[in-house]
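In what follows, a single structure is set out as structure tokens and then discussed.
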Amino acid sequence: MLDVSAQPAIDALAPRADFPILSREVNGKPLVYLDSTASSQKPLAVIDAMERFYRQSNANVHRGAYALSEEASAAYEGARKAVAKFIHARSVKEIVFTRNATEGLNVVAQTWGLANIKAGDVIVLSEMEHHSNLVPWQILAARTGAVLEFIPVTDDGLLDLAAYARLLERRPRLVAFTLMSNVLGTIPPAREMIAQAHAAGAVVVCDGAQAVPHLPLDVRALDCDFLAFSSHKMLGPTGIGVLYGKRALLEAMPPFLGGGDMIREVHLRSFTPNDLPWKFEAGTPAIAEAVGLHAAVDYLSALGMERVAAHEAELAQRMIAALSAIPGLHIIGPTSPPRGAVVSFTIDGMHPHDIATLLDQDGIAIRAGHHCAQPLMERFGLPATARASAYVYTTSSEIDTLAESVARARDLFA
Amino acid sequence: MLDVSAQPAIDALAPRADFPILSREVNGKPLVYLDSTASSQKPLAVIDAMERFYRQSNANVHRGAYALSEEASAAYEGARKAVAKFIHARSVKEIVFTRNATEGLNVVAQTWGLANIKAGDVIVLSEMEHHSNLVPWQILAARTGAVLEFIPVTDDGLLDLAAYARLLERRPRLVAFTLMSNVLGTIPPAREMIAQAHAAGAVVVCDGAQAVPHLPLDVRALDCDFLAFSSHKMLGPTGIGVLYGKRALLEAMPPFLGGGDMIREVHLRSFTPNDLPWKFEAGTPAIAEAVGLHAAVDYLSALGMERVAAHEAELAQRMIAALSAIPGLHIIGPTSPPRGAVVSFTIDGMHPHDIATLLDQDGIAIRAGHHCAQPLMERFGLPATARASAYVYTTSSEIDTLAESVARARDLFA
Amino acid sequence: MDDLYREYILEHYKSPHNKGDIAHPDRFAAYANPFCGDRLQMGVRLEGDRVVEVRFNGTGCAISQASASMLTDEIQGKTLAELAEITKEDIFEMLGIPLSPARQKCALLAWEVLRKGILRLDEDTAEESDLA
Amino acid sequence: MDDLYREYILEHYKSPHNKGDIAHPDRFAAYANPFCGDRLQMGVRLEGDRVVEVRFNGTGCAISQASASMLTDEIQGKTLAELAEITKEDIFEMLGIPLSPARQKCALLAWEVLRKGILRLDEDTAEESDLA
Ligand SMILES: Cc1ncc(COP(=O)(O)O)c(C=O)c1O
Ligand SMILES: Cc1ncc(COP(=O)(O)O)c(C=O)c1O
């Protein structure tokens with residue numbers, strides 16, 4: 001086994017004291033949280049911002065002619081502006097608040113999709129998509145008669161770009177893929193892929209659930225048409241996500257849900273939708289959650305997304321080195337950069353669940369299962385993988401603890 | 001003007017110290033919050049429960065094989081059970097978490113509705129519905145060719161039940177109405193109306209956004225088929241709501257959004273949906289918000305919903321008495337029980353916005369506008385109303401302050 | 001209290017100038033306040049590109065009515081090009097009262113009808129600055 | 001650590017009993033663990049209403065595999081009526097290890113295949129008690 005202690009230590013990028021949960025014990029051991037790909041922990045700045053909102057400014061937004069409601073509205077719309085700047089959108093009109101990345105992808109499928117996709121149209125996805133970027137298109141295809149095609153994943157966990165080029169020759173109406181695989185850590189060459197898709201006449205939807213928390217992202221440079229992501233994976237609260245869309249596309253789309261706030265005028269039998277972005281936000285929104293997301297975006301910006309990405313790139317290599325030294329352990333996914341700090345692995349003769357359960361007894365939280373990517377599991381002929389993932393609060397000593405515990409678990413089953 | 005000081009004082013039902021925001025000042029005056037119909041304030045129990053979750057138990061739910069994730073899952077599913085008991089559902093399978101009441105109503109329209117409503121089918125609504133219980137059915141009618149009909153509202157703000165009986169003769173496929181008007185305070189005789197609708201062969205959707213926070217509610221006694229409501233109006237956080245549905249109906253419905261958690265199995269081109277209630281919950285849910293809603297439900301249960309309703313009935317009569325004594329002021333809605341503690345009014349020669357702005361300068365938060373019920377405004381020939389509403393933390397002395405401030409505002413414009 | 005509801009605001013509200021309809025307007029537009037749903041309509045008669053008559057109508061709060069009353073006084077006799085020069089800030093200055101964001105929408109309703117409806121200006125580029 | 005992964009659990013996992021397929025089963029069912037997606041299938045041959053042969057197959061964790069191995073040992077030779085008597089608690093007792101809620105789903109997978117698939121029991125009334 002590799003002597004990891006010989007390598008220089010990597011400190012957390014963010015002060016660990018900012019994250020109260022990290023001082024917790026689990027099964028009598030200090031918590032080692034290595035499941036940020038599923039959901040991140042929250043800094044005090046985020047927790048406190050929401051608490052402050054409920055203690056001081058809570059009211060419904062948009063239509064209140066009193067101070068409290070104006071404060072709440074300013075806080076809510078201020079969060080939208082912060083998110084717009086964070087991903088370099090052109091305008092707040094391009095930022096729709098949703099429940100999570102999943103809802104954002106469904107909104108595109110059920111509004112833009114139903115309005116634009118016809119029988120026989122080709123939709124190109126990839127084999128490494130999360131269920132949230134598969135099932136909405138399956139539903140759309142079932143309703144419209146569109147055809148789904150898939151960019152294959154190579155044995156080392158990359159997208160097969162030659163096959164992608166051939167799929168584009170079929171002039172798909174839509175291309176949807178993830179900017180970072182939540183299983184393999186793969187970061188596809190999105191900018192080129194998007195340019196190629198546009199050249200082939202396709203609209204491009206990016207699943208940013210993993211990329212936005214972990215990489216610098218500029219929607220203008222990327223030039224994607226839609227981008228969906230979740231607050232809870234980027235230090236923010238649960239209950240809110242974001243759908244970015246280019247303004248002209250959003251303007252042309254029918255509304256999604258009907259109700260309060262998304263309307264301009266309602267009569268008994270007809271309505272006119274509101275302006276962007278409210279047209280897509282029906283009912284009382286996740287106000288306190290927007291405030292929390294704003295704090296999360298500020299926190300990440302203060303760390304600097306370039307530094308976040310660099311920190312994780314280092315941790316990824318450390319994790320791959322430490323884990324691959326364990327006999328019988330296989331890394332699933334690319335082993336060299338560019339990749340995210342999410343590492344899937346299997347161990348001969350052990351089910352991933354048993355790995356996770358044994359690690360949990362050492363206080364280490366990793367995920368085991370299909371990671372909402374069953375077709376990718378099928379592609380690799382695996383029922384499941386174990387998956388460890390790092391974030392801004394992760395240190396190299398946590399990675400060392402992980403590797404030691406995995407080695408012990410493996411010995412028990414050997 | 002009525003001498004309200006002669007009447008016995010009514011204390012808050014809930015300890016006011018439980019609600020930190022109530023000790024706040026607005027424009028140099030103590031906050032008098034009379035807009036709970038739009039959104040309620042939150043007790044410490046709710047704020048703290050969410051903070052504790054983020055500090056101690058935060059993780060994604062359902063698929064984690066480690067302690068933290070099991071804690072989070074137990075907290076999330078525990079909230080579902082608490083909500084099920086609160087409204088006397090038969091099973092947790094009947095409780096779907098949504099973003100808000102609006103989303104719940106849209107889920108019914110876009111799943112049950114699209115699967116069951118055909119061209120020419122009659123859908124009966126009422127003239128006093130919130131936009132959230134109008135627009136989803138307008139969208140459904142536009143897609144299917146169904147016909148919308150409306151139970152008229154009488155001059156004193158009640159549903160015209162004779163007209164309702166006539167509409168039922170047309171054997172509607174669906175009847176949807178609110179259990180309490182958010183403008184008039186009207187509480188229709190829902191139980192009888194539902195029985196009549198069932199006798200006519202209709203499925204019944206109830207908008208519980210106002211009833212669930214303010215009245216004891218038993219879905220089994222009521223026998224509605226669907227019920228939608230929002231956490232933020234019942235002392236809970238924003239970002240979460242509930243759709244109750246009878247199990248057989250939910251089982252037969254196609255899923256709504258596609259993605260993680262709502263599936264049992266996914267292949268590249270097909271999926272099988274998960275069991276109830278997860279079938280309708282795509283993507284990472286509002287976990288911390290469910291924890292907050294659980295605390296809210298516990299808080300309300302400890303107060304006792306019968307007592308909540310009694311408290312508000314008293315305040316409603318006090319508010320009506322105090323306001324109607326002001327010359328030129330008109331109450332819109334029923335002036336005697338049963339009614340909620342939400343009171344709409346107009347003043348001759350004054351626009352409701354100006355009333356609200358002037359009251360705000362006295363620290364009093366009331367709402368002014370169409371209250372997301374434009375067709376009801378049209379029905380009464382009004383552009384808008386001013387609206388004051390009470391909740392468990394409201395006292396009669398706040399009502400007195402309201403009435404004095406309204407009288408002063410009126411004098412300024414007289 | 002009197003900060004917002006100054007004497008002259010209440011006067012414009014109670015006795016608005018240029019309120020009513022024009023039988024055959026050269027340009028006409030109606031617009032709802034997204035904040036409250038109140039509708040305001042405006043019609044103008046032109047000679048060349050100069051406004052020779054203007055009327056507004058609709059219900060609204062003291063702020064939106066006073067704003068419409070004062071703005072229509074300004075419009076009268078100006079050319080369309082001159083009217084395009086009027087900015088949000090000009091409206092706030094004209095009213096001369098402190099306005100919260102929500103009430104700013106009321107104050108700007110008549111101006112919005114003028115710009116989008118009467119002058120038919122495409123506001124897209126102007127609104128791009130919402131990230132400033 | 002050894003609380004959960006006792007010697008006998010690991011033994012059943014490494015050398016499962018009754019694992020494999022039956023060529024022409026009288027009853028056959030497959031079911032996925034909703035927690036992880038692992039599939040488990042079970043086939044039985046009946047004589048009258050007595051199970052004379054049982055086999056399970058599929059991949060899974062030590063808990064689900066050991067549970068299937070031990071449960072199929074139990075099934076062999078019993079009547080369908082007798083099998084319907086086996087409760088969740090019997091399974092937990094049979095395994096004899098402390099199980100978290102998530103791992104309980106693994107432990108119960110084989111039992112679920114037995115009940116829903118082989119015995120074709122409608123679980124609806126049983127599950128009504130979820131508010132207890
Ligand atoms: C009667 C009624 N229905 C529906 C709603 C919509 O609730 P939400 O905005 O929380 O979805 C409201 C809230 O204003 C309401 O009062
Ligand atoms: C790549 C990817 N896409 C989509 C999602 C769905 O995110 P959410 O569950 O927050 O909607 C996830 C989260 O697991 C993900 O990793």
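Computed from heavy atoms alone, side chains included, the values below leave out hydrogens, waters and symmetry copies.
Proximity to chain B (any heavy atom under 4.5 Å) is shown, for Glu70(A), by neither the backbone nor the side chain. When heavy atoms are compared at a cutoff of 4.5 Å, Ile355(A) does not approach chain B at all. Only the backbone of Val61(A) comes within less than 4.5 Å of a heavy atom in chain B; its side chain stays farther off. Using a 4.5 Å cut-off between heavy atoms, Pro237(A) contacts chain B through both its backbone and its side chain. If you measure heavy-atom distances from Leu257(B) to chain A, the contacts under 4.5 Å come from both the backbone and the side chain. Heavy atoms closer than 4.5 Å to chain B are found in the side chain of Val26(A), but not in its backbone. Contact of His267(A) with chain B is made through backbone and side chain together, with heavy-atom distances under 4.5 Å. With a threshold of 4.5 angstrom between heavy atoms, Ser270(B) approaches chain A through N, CA, C or O but not through any side-chain atom. Residue contact with chain B, scored on non-hydrogen atoms closer than 4.5 Å, involves the backbone and the side chain of Gln41(A) alike. Only the side chain of Leu44(B) comes within contact range of chain A, judged by heavy atoms closer than 4.5 Å. For a residue to count as touching a neighbouring chain, one of its non-hydrogen atoms must lie under 4.5 Å from one of that chain's; by this rule Ile366(A) touches chain B with the backbone only.
The shortest non-hydrogen separation linking Pro136(A) to Gly258(B) is CG-O, 3.5 Å. Across Glu51(B) and Glu51(A), no two heavy atoms sit closer than the pair OE1-OE1, 2.8 Å.
Checking side-chain atoms of Thr238(A) against main-chain N and O of Ala288(B) turns up a donor-acceptor pair under 3.5 Å. In this structure a side-chain-to-backbone donor-acceptor pair under 3.5 Å is present from Asn100(B) to Thr284(A). In this structure, Gln110(B) contributes its side chain and Phe256(A) its backbone to a donor-acceptor pair below 3.5 Å. Side-chain N or O atoms of Asn58(B) include one that pairs as donor or acceptor with a backbone N or O of Ser40(A) at under 3.5 Å.
Side-chain contact check for Phe150(B) versus Arg269(A): some heavy-atom pair is nearer than 4.5 Å. Residues Asp35(A) and Leu68(B) form no side-chain contact, since every pair of their non-hydrogen atoms from C-beta on lies 4.5 Å or further apart. Taking 4.5 Å as the limit, every side-chain heavy atom of Met50(A) sits out of range of all side-chain heavy atoms of Ile47(B). Within the 4.5 Å cutoff, the side chain of Val266(A) has no heavy atoms near those of the His370(B) side chain. The shortest distance between side-chain heavy atoms of Arg379(B) and Leu268(A) does not fall below 4.5 Å.
For the atom pair CE (Met262(B)) and SG (Cys372(A)), the distance works out to 11.5 Å, reported to the nearest 0.5 Å.
The existence of a salt bridge linking Glu71(A) and Arg24(B) is confirmed by a sub-4.0 Å separation between a basic side-chain nitrogen and an acidic carboxylate oxygen.
Tyr33(A) and Tyr66(B) have perpendicular rings, their planes meeting at more than 60° on a 0 to 90° scale where under 30° would count as parallel.
Note: Gln138(A) leads Glu129(A), Gln138(A), Glu127(A), His371(A) in heavy-atom pairs under 4.5 Å with chain B. When each of Ser23(B), Ser69(B), Ala142(B), Gly260(B) is checked for heavy-atom pairs under 4.5 Å with chain A, Gly260(B) comes out on top. Contacts with chain B were tallied for Phe97(A), Tyr54(A), Trp137(A); Tyr54(A) has the most, counting heavy-atom pairs under 4.5 Å. Counting heavy-atom pairs closer than 4.5 Å to chain B, the top residue among His353(A), His130(A), His232(A), Lys233(A) is His232(A). Chain B forms the most heavy-atom pairs under 4.5 Å with one residue out of Gly363(A), Ser230(A), Ala72(A), Ser57(A), and that residue is Ser57(A). For chain B, the option among Pro285(A), Ser36(A), Ser39(A), Ala282(A) with the highest count of heavy-atom pairs below 4.5 Å is Ala282(A). Chain B forms the most heavy-atom pairs under 4.5 Å with one residue out of Ala209(A), Ala38(A), Ala101(A), and that residue is Ala38(A). Heavy-atom pairs under 4.5 Å with chain A peak, among Ala59(B), Gly259(B), Pro254(B), at Gly259(B).
Applying the salt bridge (charged side-chain N to carboxylate O under 4.0 Å, His left out) test between Arg99(B) and each of Glu289(A), Glu281(A), Glu103(A) identifies Glu103(A) as the sole match.
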